[in-house]
2 protein chains.
Amino acid sequence: MGEAVPGRDPLSLDGQLCFAVYAASRAMTGLYRDLLADLDLTYPQYLVMLALWERGTASVGDLGEALRLDSGTLSPLLRRLEARGLVRRRRDTGDERVVRVTLTQTGTALRERARPIPGRVLCATGLTEDEVAGLRGLLDQLTESVATHDPTSVGRPSTPER
Amino acid sequence: MGEAVPGRDPLSLDGQLCFAVYAASRAMTGLYRDLLADLDLTYPQYLVMLALWERGTASVGDLGEALRLDSGTLSPLLRRLEARGLVRRRRDTGDERVVRVTLTQTGTALRERARPIPGRVLCATGLTEDEVAGLRGLLDQLTESVATHDPTSVGRPSTPER
DNA sequence: ACCAGTTCTATTGTGCGCAATTGAATTGTG
DNA sequence: CACAATTCAATTGCGCACAATAGAACTGGT
């Protein structure tokens, strides 16, 4: 099919890692959309709930650090979760700057209905557990490298200046 | 901590593949944000330009199939690219339903300024070419499995019905 | 106590993603 | 030709992401 040349065009869409990650992420989000419809949660909302189920309570800043999201994303998301009665937000007594997010009874109970989800996701991926572990390792390494990356020290293979 | 079971809690945030993909995707997008600032392109706009640089011209439907995006995303995005003079949109003569997207001179020329980007991205990932190849393979497999996935046949390890 | 600097959250504005709807153009069938 | 079904793109509405800004609350130094 493809043209003989061993080295692909670096600017080809299919050859780029970026698109593979991007496409995989949206495919996963779509899968979760189906699986979470029953719980009436979006995927980012589910991630917030995961973090809260682990912690019980957390400040907006804690959630932002765990999920790598800022308040511009979390504030309205948490407002919707509160409107649904899954969490409660209250200013911390002692430091009125921080908003403490706490699970309600309903929010805590929702965890039971979420329990079958990870198993279904693993099934849908069609990967073995070993493959999943390897993939997670590579992705974590990728995320770390890219996040730590210093823009000013970007390797410039052969470009002197614009 | 978790209940007795040796394997990690399936509902733990850090243990899930979904979050690894999600975090990696956003980290990559952030990297491209920096690299593309010079070209004044967003990451999805860059993907559309990649597809057009490969094809020269394409219908909205072609782009949607290549990038797995629908018209709700592409229409306003293409409008912005056209407003910047990078592409031109015109109804196909012969089939007035399809909108043909064509690169302008400016849009074609922009490719030269994009050429150093893939190299810089590879550098920033901190991965070897072999690791990138393996990662791409796993991600493509993941995307395929998840996309092909039939929601009704979802494996339900032990849940009879809601 | 005062004030400058910092920390933390919320708000605003822009640009995706995607479901659902709309409407024009085309195709298939009688 | 008439007309129902289909195809294609645009629009609408909602929910993220993220940059930039604003504002309240805390901190440390004087």
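Per chain, numbering begins at 1; letters A, B, ... match sequence-line order.
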Q.
On DNA chain C, compare the nucleotides closest to R80(B) and P76(A); which residue's is nearer the 5' end?
A. P76(A)

Q. Between D130(B) and A133(B), is there a donor-acceptor pair closer than 3.5 Å when you use the side chain of the first and the backbone of the second?
A. no

[X] [atom1] to [N] [atom2]: how many Å, rounded?
X: L69(B); N: dT11(D); atom1: CG; atom2: C1'; answer: 17 Å
X: Y32(B); N: dC18(D); atom1: OH; atom2: C1'; answer: 19 Å
X: L67(A); N: dC18(D); atom1: CG; atom2: P; answer: 11 Å
X: R97(B); N: dA5(D); atom1: CZ; atom2: C1'; answer: 12 Å
X: L36(A); N: dG15(D); atom1: CG; atom2: C1'; answer: 14 Å
X: D70(A); N: dC16(D); atom1: CG; atom2: P; answer: 13 Å
X: E65(B); N: dA9(D); atom1: CD; atom2: C1'; answer: 15 Å
X: E96(A); N: dC26(D); atom1: CD; atom2: C1'; answer: 11 Å

Q | Closest approach of A58(B) to R55(B) (non-hydrogen atoms, all atoms of both residues) | A | CB-CD, 4.1 Å

Q: Taking all non-hydrogen atoms of both residues into account, name the closest pair between R91(A) and R97(A) and its distance.
A: NH1-O, 2.9 Å

Q: Give the first and the last nucleotide of DNA chain C, reading 5' to 3', that has any atom under 4.0 Å from a heavy atom of chain A.
A: dT7(C) to dA19(C)

Q. Is R88(A) atom CZ crowded by more than 12 heavy atoms from other residues, nucleotides or ligands, each under 6.0 Å away?
A. no

Q.
How about CD on Q105(A), more than 12 heavy atoms from neighbouring residues, nucleotides or ligands closer than 6.0 Å, or not?
A. no

Is there a side-chain contact between [X] and the phosphate of [N], meaning an N or O under 4.0 Å from OP1 or OP2?
X: R79(B); N: dT11(D); value: yes
X: S71(B); N: dA9(D); value: no
X: Q45(A); N: dG15(D); value: no

For [X], which contact category applies under a 4.0 Å heavy-atom criterion: base, sugar-phosphate, or nothing?
X: G72(A); answer: base
X: L74(A); answer: nothing
X: T42(A); answer: sugar-phosphate
X: T29(B); answer: nothing
X: G94(B); answer: sugar-phosphate

Q: Could you tell me whether the side chains of T143(B) and D140(B) share a donor-acceptor contact shorter than 3.5 Å?
A: no

Q: Could you state whether V98(A) and L67(A) fall into the same hydrophobic cluster, counting links through intermediate Ile, Leu, Val, Met, Phe, Trp or Tyr residues with side-chain heavy atoms under 4.5 angstrom apart?
A: no

Q: For the residue pair V21(A) and L135(B), establish whether any side-chain heavy-atom pair is separated by less than 4.5 Å.
A: no

**Q.** Along DNA chain D (nearest heavy atom to each residue), the more 5'-positioned of Y43(A) and D95(A)
**A.** Y43(A)

Q) Do the charged groups of R79(A) and E82(A) touch, with an N to O distance under 4.0 Å? A) no

Q: First locate atom OG1 of T57(A), then atom CG of D62(A), and finally report the distance between them rounded to the nearest 0.5 Å.
A: 8.0 Å

Q) Got a sec? Which of residues 84-92 of chain B come in under 4.0 Å of DNA chain C, heavy atoms? A) none

